[in-house]
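Each remark here refers to the structure printed beneath this line.
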4 protein chains.
Amino acid sequence: MSYQALKERVCAANKEINRVQLAILTWGNASEVDREAGVFAIKPSGVDYDEMTPDDIPIISLETGEKVEGKMNPSSDTETHWHLYRVFEDIGGVVHTHSTYATAWAQAHREIPCLGTTHADTFYGSIPCTRPLTQAEIEGAYELNTGKVIAEHFEKNGLKAGELPGVLVSSHAPFTWGTNAMKAVVNGRILEEVARMASITQELNPGIGAVDQYLMDKHYLRKHGANAYYGQN
Amino acid sequence: MSYQALKERVCAANKEINRVQLAILTWGNASEVDREAGVFAIKPSGVDYDEMTPDDIPIISLETGEKVEGKMNPSSDTETHWHLYRVFEDIGGVVHTHSTYATAWAQAHREIPCLGTTHADTFYGSIPCTRPLTQAEIEGAYELNTGKVIAEHFEKNGLKAGELPGVLVSSHAPFTWGTNAMKAVVNGRILEEVARMASITQELNPGIGAVDQYLMDKHYLRKHGANAYYGQN
Amino acid sequence: MSYQALKERVCAANKEINRVQLAILTWGNASEVDREAGVFAIKPSGVDYDEMTPDDIPIISLETGEKVEGKMNPSSDTETHWHLYRVFEDIGGVVHTHSTYATAWAQAHREIPCLGTTHADTFYGSIPCTRPLTQAEIEGAYELNTGKVIAEHFEKNGLKAGELPGVLVSSHAPFTWGTNAMKAVVNGRILEEVARMASITQELNPGIGAVDQYLMDKHYLRKHGANAYYGQN
Amino acid sequence: MSYQALKERVCAANKEINRVQLAILTWGNASEVDREAGVFAIKPSGVDYDEMTPDDIPIISLETGEKVEGKMNPSSDTETHWHLYRVFEDIGGVVHTHSTYATAWAQAHREIPCLGTTHADTFYGSIPCTRPLTQAEIEGAYELNTGKVIAEHFEKNGLKAGELPGVLVSSHAPFTWGTNAMKAVVNGRILEEVARMASITQELNPGIGAVDQYLMDKHYLRKHGANAYYGQN
């Protein structure tokens with residue numbers, strides 16, 4: 001059986017979405033790319049997390065976006081994942097959920113400002129919110145265009161996917177990414193907690209603004225990059 | 001024993017209400033109809049979910065609304081379920097809970113606008129809130145009149161039960177429905193999560209309105225109807 | 001061993017407070033009275049729920065308020081329970097917790113208006129909030145005076161303990177009661193859920209007022225009194 | 001193996017942070033000092049709570065702040081803990097988390113006023129919020145300076161660490177302390193619950209102020225000090 005290890009990791013990451021309660025029912029999907037093999041693996045559409053096995057995980061060509069292995073239909077959001085892998089060349093896993101607070105910010109059409117160190121430890125700047133898709137974009141290749149509107153936002157604003165591992169799609173919900181599928185789930189958990197804290201913070205002090213750049217630098221850079229000193233490496 | 005499979009499904013759906021925490025104590029009830037047999041099965045009144053067995057489930061005549069089998073009293077809300085089965089001919093299961101956020105919207109006398117795709121995936125438009133019942137309606141056949149005020153709202157506003165599988169009864173709590181009892185529970189979970197997200201969204205952006213019709217169309221129709229492409233069918 | 005059954009019920013009710021998460025740490029206590037024997041049993045002070053056994057439960061004289069049996073110190077709130085048993089002659093159990101939403105309403109010095117049927121099913125009118133205790137009342141017999149200010153509020157406002165099984169003590173937290181200790185815990189759960197729903201409702205519609213008297217009558221009286229038709233009796 | 005008992009207590013306290021959900025992922029750390037031995041033990045940096053064993057716990061010199069035993073890197077927040085042990089001579093354990101509501105108050109740059117007895121039972125006055133650190137303090141010895149700004153706030157305002165076992169670091173998150181590591185965790189739980197209640201209270205009554213001094217005295221002093229009468233001692 002080919003791609004066995006990749007399917008196992010993607011199956012485990014999808015179950016983790018459910019275990020940490022980022023999604024009820026089937027409202028979330030995780031994928032992971034194998035760039036050498038030129039494929040990514042993704043959740044099958046509408047399948048319960050409890051019943052999912054690695055054999056159910058479809059394999060998609062990174063070049064064509066078409067399924068190359070697997071009996072089940074891939075997630076209806078497959079083309080969004082596909083586009084993100086093509087434009088963000090340093091990411092290895094993508095996760096989409098409808099986690100409560102992140103989705104509420106997306107529905108409110110608001111980016112999440114960096115209000116503290118919890119945010120700055122993982123997201124180097126505001127967590128962006130895309131522009132609404134146009135009627136033509138929605139009625140056309142909707143899922144592909146969702147990926148395109150994310151990429152457009154990052155490009156226009158000079159943002160780096162490696163420093164901002166997540167985004168809110170306006171009127172929809174969050175996408176997060178990471179070096180593999182499980183790390184993309186972890187970033188989804190962090191986004192949800194940061195969104196929840198930010199919502200409470202804004203009730204307690206509606207006028208509060210983003211933290212100073214030097215505090216954000218300190219926290220982001222003590223965990224990421226050449227001079228990081230967090231953890232055991 | 002007659003209606004055994006129906007009683008087992010209804011018993012399981014009632015326990016599911018409790019397992020997914022849509023109700024504490026005995027604050028929720030599920031029913032399912034067998035239209036060929038001309039009956040529906042419903043939770044007994046005031047019985048703990050943990051102790052309930054299929055044998056406890058009363059069977060009610062769809063024609064008369066009277067109990068035709070079972071030792072226990074049916075739910076005090078039985079006549080509401082009965083009326084919904086009679087007026088919404090394409091539904092197979094009904095669930096009533098006092099889930100927290102949906103009940104809060106009902107108490108606030110507000111319909112829940114469609115603020116995002118999570119909502120549009122299941123509810124094709126605002127989740128309606130009925131008018132208050134009059135004193136005469138409350139002091140008369142209260143539970144039957146609750147069903148009637150729901151039906152009146154759908155009829156007056158040209159709403160379809162198949163496209164809007166739930167409603168808020170003003171000053172009271174939600175009812176949801178589906179093709180069977182368990183799917184009505186799933187719609188109750190979705191309603192509660194949508195109500196929670198909408199409440200947070202409105203705090204973050206009080207002026208936000210419903211999503212564009214074409215986004216609602218896209219999400220509802222990719223999951224429902226002839227051109228649906230979500231899931232494995 | 002005397003009062004064994006009473007101690008077992010009170011021990012179980014205290015553990016239930018913790019199991020249903022009405023209190024963290026040791027922040028809640030339950031008691032139950034045996035009016036024929038002229039005593040009540042109550043939680044020992046500062047003891048973990050997990051480690052508590054029926055043997056730890058002190059027995060207090062209803063006449064003198066003094067401990068008549070047991071090695072451990074009774075709850076520091078014992079005199080509040082004692083006073084409530086003396087003035088509310090039809091109650092059998094009392095529970096005090098610091099459950100989150102009920103405590104927030106108490107801290108806000110606000111009674112909880114009856115905003116829906118969830119409330120009316122158990123509390124026949126607003127859940128009252130006492131006046132603040134005076135400096136003399138606090139520096140004197142504080143716990144006894146807490147009971148007195150509750151009784152004063154009910155008497156002055158013509159409220160009946162049998163119809164309103166709970167109260168908010170201003171700047172402090174809720175007390176609930178019932179026909180026995182376990183039913184007082186159930187009423188504590190209902191109060192907490194009603195307080196949570198009311199808080200969300202007020203955010204969604206700050207101007208919403210109490211429900212009509214006839215809706216409150218309908219719901220309270222279908223569950224309580226001579227013409228009740230809820231449950232199996 | 002030296003310091004075995006100390007390492008076991010610190011390992012247990014760190015696992016407790018996770019068990020009671022004060023931190024997700026690795027977002028919290030606990031330490032405990034042995035003043036006779038002149039050392040403290042602290043969580044290793046970036047290690048999962050589930051996998052942590054007492055052998056992983058580094059030992060730090062109270063005099064130099066340097067690691068004196070252990071293979072793993074200590075928490076990146078070690079110098080904050082170190083400074084607190086040096087300036088607050090009567091504390092035995094320190095805990096840092098990013099618990100949701102306490103962090104939101106820190107992000108809002110607001111101290112938590114004493115709004116009720118739940119607060120007064122443990123915190124004798126407002127839970128303070130430090131001034132923001134300056135750019136020089138952040139770019140210099142950041143973690144040490146975090147300890148210094150806490151100490152500065154207590155000294156300038158005449159606050160006693162023994163009466164106020166916690167603080168909010170502006171734009172960051174809470175630190176709590178106690179007579180040992182486990183009691184510092186307990187104070188972290190209380191701070192989080194108090195922060196949550198205060199946030200709800202302020203929504204229900206934005207103008208509410210702190211409780212009267214005599215109510216705060218009553219509750220704090222019935223649990224703490226020479227005339228305490230709570231518990232079994």
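Chain letters run A, B, ... following the sequence lines, proteins first and then strands; every chain starts at 1.
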Region of [X] in contact with chain A, defined by heavy-atom distances below 4.5 Å:
| X | answer |
| --- | --- |
| D:Val169 | neither |
| D:Pro74 | neither |
| D:Trp27 | side chain |
| D:Thr26 | both |
| D:Glu143 | side chain |

Under 4.5 Å, counting heavy-atom pairs only, tell me which of [options] racks up the most with chain D.
| options | answer |
| --- | --- |
| A:Leu204, A:Ile208, A:Val20 | A:Leu204 |
| A:Arg189, A:Lys223, A:Lys218 | A:Lys218 |
| A:Asp212, A:Thr118, A:Asp217 | A:Thr118 |

So which heavy atom on [X] is nearest to which on [Y], and how close?
| X | Y | result |
| --- | --- | --- |
| A:Asn205 | D:Ala108 | ND2-O, 3.0 Å |
| D:Ser171 | A:Leu215 | CB-CD2, 3.7 Å |
| D:Gln107 | A:Leu115 | CG-O, 3.4 Å |
| A:Ile200 | D:Ser199 | CG2-OG, 4.2 Å |
| D:Ser45 | A:Gly231 | OG-N, 2.7 Å |
| D:Thr134 | A:Tyr214 | C-CE1, 4.0 Å |

Among D:Gln135, D:Glu203, D:Glu139, single out the residue with the greatest number of heavy-atom pairs under 4.5 Å to chain A. D:Gln135
Could you have a look at D:Gln202, D:Met72, D:Arg110, D:His172 and say which one has the most heavy-atom pairs with chain A under 4.5 angstrom? D:His172
If you apply the rule side-chain contact (heavy atoms from CB on, under 4.5 Å), what do you find for D:His98 with A:Met197, and how did you get there? CA-CA 10 Å; D:His98 288 233; A:Met197 284 176 177; 4.2 Å; yes
Does D:Glu163 have more than 12 heavy atoms from other residues, nucleotides or ligands lying within 6.0 Å of its CD? yes
If you draw a 6.0 Å radius around CG in A:Asn227, do more than 12 non-hydrogen atoms from other residues or ligands fall strictly inside? no
Let me confirm one number: the CD1-CD distance from D:Ile24 to A:Glu193, rounded to the nearest 0.5 Å. 5.0 Å
Please flag which part of [X] lies under 4.5 Å from any non-hydrogen atom of chain D: side chain, backbone, both or neither.
| X | result |
| --- | --- |
| A:Gln232 | both |
| A:Asp121 | side chain |
| A:His119 | neither |

D:Leu25/A:Val186 under side-chain contact (heavy atoms from CB on, under 4.5 Å): CA gap, chis, key distance, verdict: CA-CA 8 Å; D:Leu25 303 167; A:Val186 168; 4.0 Å; yes
